[in-house]
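Keep in mind it's a predicted model, so treat the numbers as computed, not measured. In what follows, chains are A, B, ... by sequence order, proteins preceding strands, each numbered from 1.
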2 protein chains.
Amino acid sequence: MSQSVVHPAAASKAEATRAAIVDTAERLFRTLGYQKTAVADIARELRMSPANVYRFFPSKAAINEAICTRILAGLEHLAWSIARGPGTPRDRLRALFRALQEQTITLFFQEKKMHDMVGAAMQEHWPVIEAHVDAIETAIRHILMDGQAEGSFARIDANQTAKIVHTAIVAFIHPQVVEQCADDDDQAALADAMASFVLRALRPHPDD
Amino acid sequence: MSQSVVHPAAASKAEATRAAIVDTAERLFRTLGYQKTAVADIARELRMSPANVYRFFPSKAAINEAICTRILAGLEHLAWSIARGPGTPRDRLRALFRALQEQTITLFFQEKKMHDMVGAAMQEHWPVIEAHVDAIETAIRHILMDGQAEGSFARIDANQTAKIVHTAIVAFIHPQVVEQCADDDDQAALADAMASFVLRALRPHPDD
DNA sequence: TGAGTGACAGAAATCGAAAATCGTCATATC
DNA sequence: GATATGACGATTTTCGATTTCTGTCACTCA
């Protein structure tokens, strides 16, 4: 049972076509929204038939997933760079909250169609969301463990605490909640106050 | 400019009719949902014309608001009774989180139509929601101040902290979020862990 | 043989007309 | 005068017909 041998030039042609599909989809999703963009629209822009798109993606849902993955990847990279960046763990945690809150509200205000798609992804449990939650909690856990290593955070279970911390900031990062509070001018300040509060919980205590 | 003199018997007849409208609306909302229940449906059950309903409520939205107020009043009374009840402030806060989480998920599983209405009320900023948020934060603040008075909670700003604590539990009490996580068996445990975490933040610290 | 497509069935979305709903007001009744 | 309603216009929702979309497959072509 040998695997089929893919010609290198063909593979790179297929990759280019796949990338073109993703790029086109992303552009159309930004303007029309993912629901209003048909696979035929994507194909038309690329001067190919819709059936050809299905040679690269098993379904339209897979295209949606790919675009949503792109959006969230930006956020995950930002979170990870903050988590591993300079500064004390305390400062990093605060910066992380601020960045997550800011990116979420910015997506809502500046890319409503993408914001709506991420919201739907969460609501409908698209696979990319579970990965996203993992990535954010990994970033939080990394900061927690750094804080524990340097003695500024209590030595409590880092896995569970990352999950709790993530849960505590749902109000600032969950698309539908953020949309509902979008008119409040003080969300950024509240996120910062939440960071201070969480840092109170994290610091070592004589009774620990 | 004398105020109109309302006959006592007439006032009590009007109150009874108003109450009958509310009771009927509540019953129909539970089975049909608030959107599918027409004012004419309510009137028909009471053998009156729809125009008569408008003598008691200025709009259908006002009826929706009245029913939503009833639901949330139950939750607010529960919160308040826990806040003022027996037990240490620490135990009370934990009991409050548990009760709020449990009531929210129960409403979803057992009264889906009512749950949906509360969710819409939050999303659309019905006036009753602001009052509800105030009531919950008042209950939290009461516990915080009791804890501060007895020395088990740090002396930090009780108003702001009540708001932060409330925000930290949005994941357990916000209808749309709760609905999205309804399949997770460990939400109750996570709410309890959140209580422990919040209590860590609240306890006095030598550096305070 | 790999790349690409036209044709197609079943499902979902859209459309425009009809029906229902909301809220108001003139009127009726006790 | 207080209580109640029929009639009505504007708006919203529903419904069945039509169109569009998703995904598949047999087929073509270089």
> How long is the line joining CG of D41(B) and C1' of dG23(C), in whole Å?
16 Å

> Quick check for you: to the nearest 0.5 Å, what is the distance between I156(A) atom CD1 and I164(A) atom CD1?
7.5 Å

> Rounded at 0.5 Å granularity, tell me how far CG in D41(A) sits from OG1 in T24(A).
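Here the interatomic distance stands at 11.0 Å.
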
> Please report, rounded to the nearest Å, how far the P atom of dA28(C) is from the CE atom of M48(B).
22 Å

> With nearest nucleotides of DNA chain C determined for S59(B) and T17(A) from heavy-atom distances, which residue corresponds to the more 5′ nucleotide?
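So the residue in question is T17(A).
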
> Between N52(A) (CG) and dA3(C) (C1'), how many Å, whole number?
7 Å

> From the options dG23(D), dG6(C), dT5(D), select the nucleotide whose nearest atom is closest to the side chain of Y54(A).
dG23(D)

> Can you tell me the distance, in whole Å, between the CZ atom of R47(B) and the C1' atom of dT5(D)?
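Those two atoms, CZ and C1', are 17 Å apart.
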
> Are any side-chain N or O atoms of S81(A) and backbone N or O atoms of L78(A), one a donor and one an acceptor, separated by less than 3.5 Å?
yes

> Considering only dC21(D), dT5(D), dC22(C), which nucleotide approaches the side chain of A38(A) most closely?
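Selected nucleotide (nearest to the side chain): dC21(D).
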
> Whole angstroms only, please: what is the CZ-C1' distance between F57(A) and dG23(D)?
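It is 15 Å, rounded to the nearest whole Å.
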
> Using atom types as modelled and distance alone, determine if a side-chain donor or acceptor of E65(A) lies under 3.5 Å from a backbone N or O of V128(A).
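Side chain of E65(A) to backbone of V128(A): a pair is present.
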
> Measure the distance from CZ on F56(A) to P on dG23(D) and round it to the nearest whole Å.
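Rounded to whole Å, this separation is 17 Å.
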
> In whole Å, I'd like the distance from the CZ atom of R44(B) to the P atom of dT5(D).
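Spelled out: CZ on R44(B) to P on dT5(D) is 14 Å.
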
> With rounding to the nearest 0.5 angstrom, report the CD to CE distance, Q101(A) to M194(A).
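One finds 11.5 Å between CD of Q101(A) and CE of M194(A).
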
> How many Å lie between CG on L28(B) and P on dT21(C), as a whole number?
12 Å

> Within the pair K13(B) and dA4(D), is there a side-chain N or O less than 4.0 Å away from OP1 or OP2?
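Yes, because at least one side-chain N or O of K13(B) sits under 4.0 Å from OP1 or OP2 of dA4(D).
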
> Which nucleotide in the set dC22(C), dA4(D), dG6(C) lies at the smallest distance from any side-chain heavy atom of R55(B)?
dA4(D)

> Taking only the side-chain heavy atoms of K60(B) (C-beta and beyond), determine which of dT22(D), dT5(D), dC22(C) contains the nearest atom.
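Between dT22(D), dT5(D), dC22(C), the one nearest the side chain of K60(B) would be dC22(C).
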
> Would you kindly compare K36(A) and P58(A) by the position of their nearest DNA chain D nucleotide and give the one closer to the 5′ end?
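Mapping each residue to its closest nucleotide by heavy atoms, the 5'-most match is K36(A).
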
